[in-house]
Student: 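Below you will find the structure I want to go over with you.
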Protein chains: 2
Amino acid sequence: MATSLLIFEDNNQLRQSLQALLDDGEFFSVKGAFEHCLEAEKEVLQHQPDLVVMDIDMPGRTGAEALRAIKSLRPDTRIVIYTVFDDDERIFECLCSGADGYLLKHTPPAKLLGALQEAMEGGSPMSPQVAGRVFRYFRDQGQQQADAYNLSAREKEILQYLIKGNSYKMIAGHCFISTDTVKKHLQNIYIKLHVSCGTEAVAKALKERLVSF
Amino acid sequence: MATSLLIFEDNNQLRQSLQALLDDGEFFSVKGAFEHCLEAEKEVLQHQPDLVVMDIDMPGRTGAEALRAIKSLRPDTRIVIYTVFDDDERIFECLCSGADGYLLKHTPPAKLLGALQEAMEGGSPMSPQVAGRVFRYFRDQGQQQADAYNLSAREKEILQYLIKGNSYKMIAGHCFISTDTVKKHLQNIYIKLHVSCGTEAVAKALKERLVSF
DNA sequence: TTGAAAATCACCCGAAAGGGGAATTGACCG
DNA sequence: CGGTCAATTCCCCTTTCGGGTGATTTTCAA
């Protein structure tokens, strides 16, 4: 059974190329190709596609808006963004809106086909450049100043164990020190983090990403 | 000029296969292949590789730890994770630690080679399954599905207070109920979340975004 | 209307958490 | 060399946490 799909792409030439490429009669069957997504909901309900290939920048309504509309109508519809834009703002908007893939338009046809198949198998294809943005996002979140609170290496280690749900006694076992020492370290940690108890410390550490998850 | 690389992989057979595959004398030149990453810093300084292929689960020291160590020594070294693990925790730990790619071990050889080349061209190759986790992470940012654990409205409210660092007594004051009732609610919450204490519950709630930050 | 959750409160009790103070060791620094 | 600081241990002590048991009321859907 071929994957039924809809295309939303405002560039006429590209839309027709896409349609020709994807309507191969074997893996994919193009049920419709539109130059705007103003009536995306109607078209999705009418054709009940398995997959939607969506440009972002289209007249009247952005692909991200249509994406959200389609996902709230038929959450299981797979939606892959296909665009020239690789800026953080557009990427993260689409990711947060529930896109299942994000491919750049310079993707060669063979890879495009492979990527769309991966999308149908539950994977989330992403162009390496786009993935790079995502990696950078996490890296920048992760390695911000954990030293802002001046925690020593030992204190960070003990905080890490606390976050895993360990009791004083368990932490002591892991670190091969006495529970009193653990308690003293945690007292110092609480002072440095300006909190008053373990749960608050865990919350603060996770919120501000003082430790890796 | 071939890309010089180091391999860290504890499975002997796989390490040798990788070495044979990657040491093609054309695009890649394997400068070393090690079964643990205990001395990763030394080996990286000695060989000055362009690229490191790193397993996660290795005896003595995880790949994520070595990753951080290498990145702080030579930030421009490209590091691609190569592992069987596709759980959120490991993926996000590596992403936050500055990985430049995350490939699963079932990646076919041809794709592996392509992915490593992409990594050297500034891209960040990611297996579609891994990308799926990342997409899900972003999607869940916007709409939180707190009902996964079947918490009642009151329980969510009390969990929220706990995360703010409130004691049983303080929560009781906020909610105008007795501390015994607070305790009962928290007991039920712990059972539902499959945790055994407050800190663990806070950690789980924040990690899985059961509550708003 | 009846029954199942949810929410509420109470009591007992042991374990854990956390505050305060005091002291030792070792490393690093000027 | 002495001073500082992180790491460590131990003591005191009180409060809080959390398990267990049992009970009442409220709410909501079948």
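Chain identifiers are assigned alphabetically (A, B, ...) following the order of the sequence lines, protein sequences preceding nucleic acid strands; residue numbering begins at 1 within each chain.
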Student: Classify the side-chain pair A:Glu208/A:Tyr149 by whether it contains a donor and acceptor separated by less than 3.5 Å.
Tutor: yes
Student: For A:Leu104, does its backbone N or O pair with a side-chain atom of A:Ser127 as donor and acceptor, under 3.5 Å?
Tutor: yes
Student: Provide, to the nearest angstrom, the distance between the CG atom belonging to A:Asn188 and the C1' atom belonging to D:dA7.
Tutor: 10 Å
Student: What integer distance in Å separates B:Lys183:NZ from D:dG20:P?
Tutor: 12 Å
Student: Just checking A:Thr181: base, sugar-phosphate only, or nothing, at a heavy-atom cut-off of under 4.0 Å?
Tutor: base
Student: Please name all residues satisfying salt bridge (charged side-chain N to carboxylate O under 4.0 Å, His left out) with B:Arg61, sequence neighbours left out, ordered by chain then number.
Tutor: B:Glu41
Student: Whole Å only: how far is the CD atom of B:Glu155 from the C1' atom of C:dA7?
Tutor: 9 Å
Student: Using atom types as modelled, flag every donor-acceptor pair under 3.5 Å from a side chain in residues 180-189 of chain B to any protein atom, sequence neighbours excluded.
Tutor:
| from | atom 1 | to | atom 2 | distance (Å) |
| --- | --- | --- | --- | --- |
| B:Thr181 | OG1 | B:Ser178 | OG | 3.0 |
| B:Asn188 | ND2 | B:Lys184 | O | 3.3 |

Student: Could you work out how much the helix from C:dT1-D:dA30 to C:dG30-D:dC1 bends, comparing the axis of its first five pairs with that of its last five, to 10°?
Tutor: 60°
Student: Nearest whole angstrom, please: distance from the P of D:dA7 to the CD1 of A:Ile171.
Tutor: 15 Å
Student: Nearest whole angstrom, please: distance from the P of D:dG18 to the NE2 of B:His185.
Tutor: 15 Å
Student: In terms of the nearest nucleotide of DNA chain D, which residue is placed more toward the 5' end: A:Ile177 or A:Lys192?
Tutor: A:Lys192
